[in-house]
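Structure first, then comments.
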Amino acid sequence: MHPRDQTIFALSSGRPPSAIALVRASGPQAGNVVTALAGRLPPPRIATRALLRDISQRPIDDAVVLWFPGPASATGEDIVEFHVHGGRAVLAALFAALSKFDNVRPAEPGEFTRRAFENGKLDLTEAEALDDLIHADTDRQRRQALRQLKGLLGDKARDWRARIIEASALIEAGIDFSDEGDVPEELIAPALAKVKALLTEIEEVLAEQGRSERLRDGLVVAIAGPPNVGKSTLMNQLARREVAIVSPHAGTTRDVIEVQLDLEGYPVTVIDTAGIRETDDPVEQEGVRRARARAADADLVLWLTDASGVVREGEGEAAAPVWLVRNKIDLDTTDRPLAESSSGRVFRISATRGDGLSVLIAAMVEFAQVYFGSDEGGLIGRARQRKLLQETAASLRRCVEIVGNGEELAAEELRAAAYSLGRLLGRVDVEDILDVIFREFCVGK
Ligand SMILES: Nc1nc2c(ncn2[C@@H]2O[C@H](COP(=O)(O)OP(=O)(O)OP(=O)(O)O)[C@@H](O)[C@H]2O)c(=O)[nH]1
Ligand SMILES: [K+]
Ligand SMILES: [Mg+2]
């Protein structure tokens, strides 16, 4: 039996114990399962109270049951939902009862969504959006995922793909008509016009609002600098809790410490690192190595020094912008000028007293605004989608160049463009790519 013909079940709500837990089963056996456990098949789509019993008629729990016959269900298959009390023993008993049925087994991560996808309930961009919505931590991530879930990109891609196929039909017809590869102009001209219009639309989506897919991963800000300048103190201030150990001993932080912040809806990961210096201590050396590596990967580096410290510009060795942050201004008796760096920005703060922190945080929010691009807009949710759209545009561009002197090649480019869009939608993708995408999902989704 193909794994797809088996009935799958999983806990679809959060970690037990909880007040209520939702267990779903999807597949051809769902109806038999609910009939056996609840004693009857509930009316479709109506919440029905039932005492669930196992095969030996021992009660499992007093539950609410929902029956969604396919194909008008989330997966397109028969689905039953059990709303039970969210205790570990209740769930264990229910799972044990479910496993007793033939061809009923626990679901793999993402398997419900994969079935929905395979039954045409959503395209791949929507499946990805669903996963993003589940994992959204901030409000902006949620709104972006919801926009994607509406299928806006998928709708566009389907429309583009249909138009590419129309254009290639014109060119192919021309190839069939012509004797010496001399395709009549009245076929080429409309095909070319179609392709050019398409190309413009795709380029517009690619150019839109910078990089909306960045919202998924968030902005990485590394706090780096020499030992003991107050990096961990600043980290704790930004996190508003004691995530990192602070001490007067240089070389306190060894590992890279991360916190996730919601900065006005923008997802930001702040990283505290070991103070960068030459050292003989092998553990500290490793900390320094990690600190440099993380700072090099960051999208923004806050290079901390204490107020008296010498500025060593370019220490960040990052491609990302480096902001110089002078800490411990409470100890600074001299009146230093604000702008001490020829490049980048300079901040003066006291991480312990809190001076200057609001200015620094406001600047980070501003940076995030630019980094993520303006709010409502971007259709592209993932790097995968951007890459395939870029490939589509590249094929169309080559087609425009070739058409008129090499119709066979032009038609080939159109086929490639349609293929890239097909992959975007998950229509022509190979199984292993689907495996990778759906494996990232949670169990029960
Ligand atoms: N006066 C004053 N002391 C500070 C300030 N910020 C941090 N300190 C002190 O500086 C010392 C070092 O602070 P940490 O936050 O551990 O510094 P660090 O850069 O993380 O140090 P390492 O992890 O060892 O590299 C501690 O004693 C802090 O209390 C500040 O703004 N003013
Ligand atoms: K320290
Ligand atoms: Mg530290």
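Order of listing sets the numbers, starting from 1, for every ligand and every atom in it. We count residues from 1, following the sequence as given.
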With heavy-atom distances below 4.5 Å as the criterion, would you say the side chains of Phe82 and Leu52 are in contact?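 Yes. Closest side-chain heavy atoms under 4.5 Å.
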Sub-4.5 Å side-chain heavy-atom contact between Val229 and Asn327: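 SC-SC contact between Val229 and Asn327 ruled out.
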Is there at least one pair of N or O atoms, one from [X] and one from ligand 1, spaced under 3.5 Å apart?
X	result
Arg353	no
Ile245	no
Asp272	no
Gly230	yes
Thr273	no
Pro227	no

Let me know which of Val65, Leu37, Thr7 forms a side-chain contact (heavy atoms from CB on, under 4.5 Å) with Val80.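 Among Val65, Leu37, Thr7, the one that satisfies the side-chain contact (heavy atoms from CB on, under 4.5 Å) with Val80 is Val65.
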Considering only non-hydrogen protein atoms, determine which one is nearest to atom 3 (N) of ligand 1 and report residue, atom name and distance to 0.1 Å.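 For atom 3 (N) of ligand 1, the nearest protein heavy atom comes out as Lys328 CD, 3.9 Å.
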Of the choices Ser247, Ala224, Pro226, which has the non-hydrogen atom that lies closest to atom 11 (C) of ligand 1?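 The nearest heavy atom belongs to Ser247.
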Between Arg289 and Glu286, does any side-chain N to carboxylate O distance fall below 4.0 Å?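 Yes.
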Before accepting this row, confirm whether a basic side-chain N of the pair Glu401/Arg397 lies closer than 4.0 Å to the acidic partner's carboxylate O.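 So Glu401 does not pair with Arg397 through a salt bridge.
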Give the intermediate values and the outcome of side chain to side chain donor-acceptor pair (under 3.5 Å) for residues Glu77 and Ser26. CA-CA 6 Å; Glu77 304 175 329; Ser26 176; 2.5 Å; yes
Tell me whether the Mg ion (ligand 3) has Ser232 as a neighbour, meaning an N, O or S atom of it below 2.8 Å.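 It does; at least one qualifying atom falls short of 2.8 Å.
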Has Met235 got an N/O/S atom less than 2.8 Å from the Mg ion (ligand 3)?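 For Met235, the answer is no, given that no N, O or S atom comes within less than 2.8 Å of the Mg ion (ligand 3).
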Using a heavy-atom cut-off of under 4.0 Å, does the side chain or the backbone of [X] touch ligand 1, or both, or neither?
X	value
Leu331	side chain
Asn228	both
Asp330	side chain
Ala250	backbone

Does anything in residues 92-103 pair up under side-chain hydrogen bond (donor to acceptor under 3.5 Å, both in side chains), and if so which pairs, sequence neighbours excluded?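 Listed once each, the pairs would be none.
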How about [X]: does its [atom1] atom have over 12 heavy atoms from other parts shown lying under 6.0 Å from it?
X	atom1	value
Ile134	CD1	yes
Ile245	CD1	no
Arg49	CZ	no
Lys196	NZ	no

Under 4.0 Å, counting heavy atoms only: does His249 come that close to any atom of ligand 1?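 Within the 4.0 Å threshold, so yes.
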Give me the protein N, O or S atoms that fall under 3.4 Å of the K ion (ligand 2), sorted by chain and residue number.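 Counting only protein N, O or S atoms under 3.4 Å from the K ion (ligand 2), the list reads Asn228 OD1, Ser247 O, His249 O, Thr252 OG1.
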Check ligand 1 against [X] and write out every atom of the ligand that is under 4.0 Å from a heavy-atom position of the residue.
X	result
Gly275	25 (O)
Lys231	15 (O), 17 (O), 18 (P), 19 (O), 20 (O), 21 (O), 22 (P), 25 (O)
Pro248	27 (O)

Got a sec, which pairs hit salt bridge (charged side-chain N to carboxylate O under 4.0 Å, His left out) with one end in residues 249-265, sequence neighbours left out?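 The answer is Arg254-Asp281, Asp255-Arg290, Glu258-Arg294.
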Name the atoms and distances for all side-chain donor-acceptor pairs under 3.5 Å in residues 84-97, with sequence neighbours left out.
{"residue": "His85", "atom": "ND1", "partner": "Asp61", "partner atom": "OD1", "Å": "2.8"}
{"residue": "His85", "atom": "ND1", "partner": "Asp61", "partner atom": "OD2", "Å": "3.0"}
{"residue": "Arg88", "atom": "NH2", "partner": "Pro16", "partner atom": "O", "Å": "3.4"}

Starting from the C-alpha separation in whole Å, work towards a yes-or-no answer on side chain to side chain donor-acceptor pair (under 3.5 Å) for Arg147 and Gln144. CA-CA 5 Å; Arg147 267 200 306 277; Gln144 152 101 356; 3.1 Å; yes
